[in-house]
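Notes for the one structure printed next.
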Amino acid sequence: MDERCVCQEIQGYFLDRAFDRLKLKGPRRDLLLSSFRETQITVPVTLRHNGENVLHTFQGYRVQHNHARGPFKGGLRFHPDVNLGETRALAQLMTWKTALVDIPFGGAKGGIAVAPEQLNDTEREELTKRFCQKMAPIIGVHDDIPAPDIGTNPQVMAWILDEYSKSHGFRTGVVTGKPVELGGSAGRLEATGDGVAHLAHKVARQLSLDPAQSRVAIQGFGNVGSHAAIAMVNLGFRIVALSDVHGGVFAEQGIPIDRALAHVRETGSLSGLDGTSPITNAELLELPCEILIPAALEGTITSGNAADVRVGIIVEAANMPVTHEADQQLQQRGVVIVPDLLANAGGVLASYYEWVQNLQQFPWERETVLRRLEERLSLTCDTVQELAREREIDMRTAAYELAISRVDHAIQLRGF
Ligand code: GLU
């Protein structure tokens with residue numbers, strides 16, 4: 001089954017443009033675009049329904065796109081919309097992302113089509129471990145290293161580590177994004193959001209924006225969105241709007257993030273947060289702001305709403321939040337877009353640091369992790385912007401061209 005999905009549409013266009021400009025065609029292009037291996041896994045789990053045991057089967061996937069530059073690397077997503085097409089597109093994006101920030105990994109992605117919040121902890125553990133049993137032959141410290149993504153977290157990584165270790169011995173480096181007590185890295189949890197905020201700050205300064213005068217709207221309040229919000233506030237920005245799957249909240253004078261976090265912990269959503277007025281997710285995207293951070297799912301800014309997006313900077317914390325038609329419209333209007341493969345690369349960068357710490361069995365301080373992360377992201381941003389200026393293209397095209405060239409070069413060197 002190969003369901004077309006919004007990710008494939010979005011990435012397909014950006015990739016075609018970059019490949020054409022790089023004059024990469026024929027088998028060389030095919031090799032760069034095709035998956036190394038695509039694994040589909042049926043996961044049976046017995047769930048309790050109205051006091052009865054009912055057998056369910058879930059579809060799981062692991063797509064290993066390319067490992068020319070190092071072991072496959074990428075997250076595991078638990079979400080009802082997970083399918084092979086989406087996983088394939090996201091696996092490719094990981095290849096370009098790891099190449100762009102120049103870490104010795106390739107790209108992969110996996111997931112299970114499931115609504116994890118509808119299972120209890122025991123059922124989630126069972127599902128994860130059964131999935132891992134079937135995935136075990138293709139993952140490994142030097143083969144393929146999963147990490148969290150939407151719907152998964154350090155606990156899920158701990159279950160994978162446990163299951164994998166039953167047959168392979170204790171191998172902390174087989175997953176990243178683990179709990180710190182099991183070899184996870186200090187700073188990994190906040191790394192993606194922290195990197196997003198760091199790049200937003202860098203680009204805002206380039207445009208002479210004063211953080212205190214800059215209004216920020218963040219769509220998505222999961223791990224990435226919430227940590228981006230915390231880091232943005234620490235950098236002096238004013239968050240005027242936040243949203244989660246249930247809807248959003250707005251306050252012109254700024255939303256206190258600690259209160260928002262406490263409210264979500266207590267009530268399960270942002271709705272009803274004191275001192276804010278309700279807005280919809282669609283309204284959040286159309287607020288007049290200096291910076292917009294889409295941190296939810298793919299394809300949220302489309303040709304249907306791009307004309308109403310009134311910001312100067314978009315930092316793509318989510319993977320593929322802007323469709324290619326919307327991208328064109330926004331670029332024409334001079335909106336600066338920090339593309340996903342750069343903007344949210346802090347996650348996989350911290351994963352790399354975690355893996356290095358696991359190999360060395362030598363943990364680093366949180367400050368060391370975040371300092372190295374910010375330095376590497378900043379340097380990568382400089383390189384991308386320089387290339388964009390030189391070739392008179394936007395940052396996304398420059399990032400893709402740089403990443404694709406590095407992977408192509410590694411393939412040529414290795415000769416396969
Ligand atoms: N899921 C994250 C991403 O899309 C992190 C992947 C990783 O750390 O391997 O970049």
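In listed order, ligands and their atoms are each counted from 1.
- Between the side chains of Ser165 and Asp162, not a single donor N or O lies within less than 3.5 Å of an accepting N or O.
- Evaluation of the side chain to side chain donor-acceptor pair (under 3.5 Å) rule for Arg62 yields Asp144 as partners, not counting sequence neighbours.
- Remark: His198 engages no residue in a ring pair (Phe, Tyr, Trp, His ring centres under 6.0 Å) (not counting sequence neighbours).
- Thr95 and Lys73 share no donor-acceptor pair across their side chains, judged by distance under 3.5 Å alone.
- For a heavy-atom separation below 4.0 Å, the residues in contact with ligand 1 are Lys73, Gly74, Gly75, Met94, Lys97, Lys109, Ala147, Pro148, Asp149, Arg188, Asn319, Gly347, Val348, Ser351.
- Sequence neighbours left out, the pairs with a member in residues 149-181 that pass ring pair (Phe, Tyr, Trp, His ring centres under 6.0 Å) are Tyr164-His168.
- Residues Ala229 and Phe221 come closest through the heavy atom pair CB-CE1, 4.2 Å.
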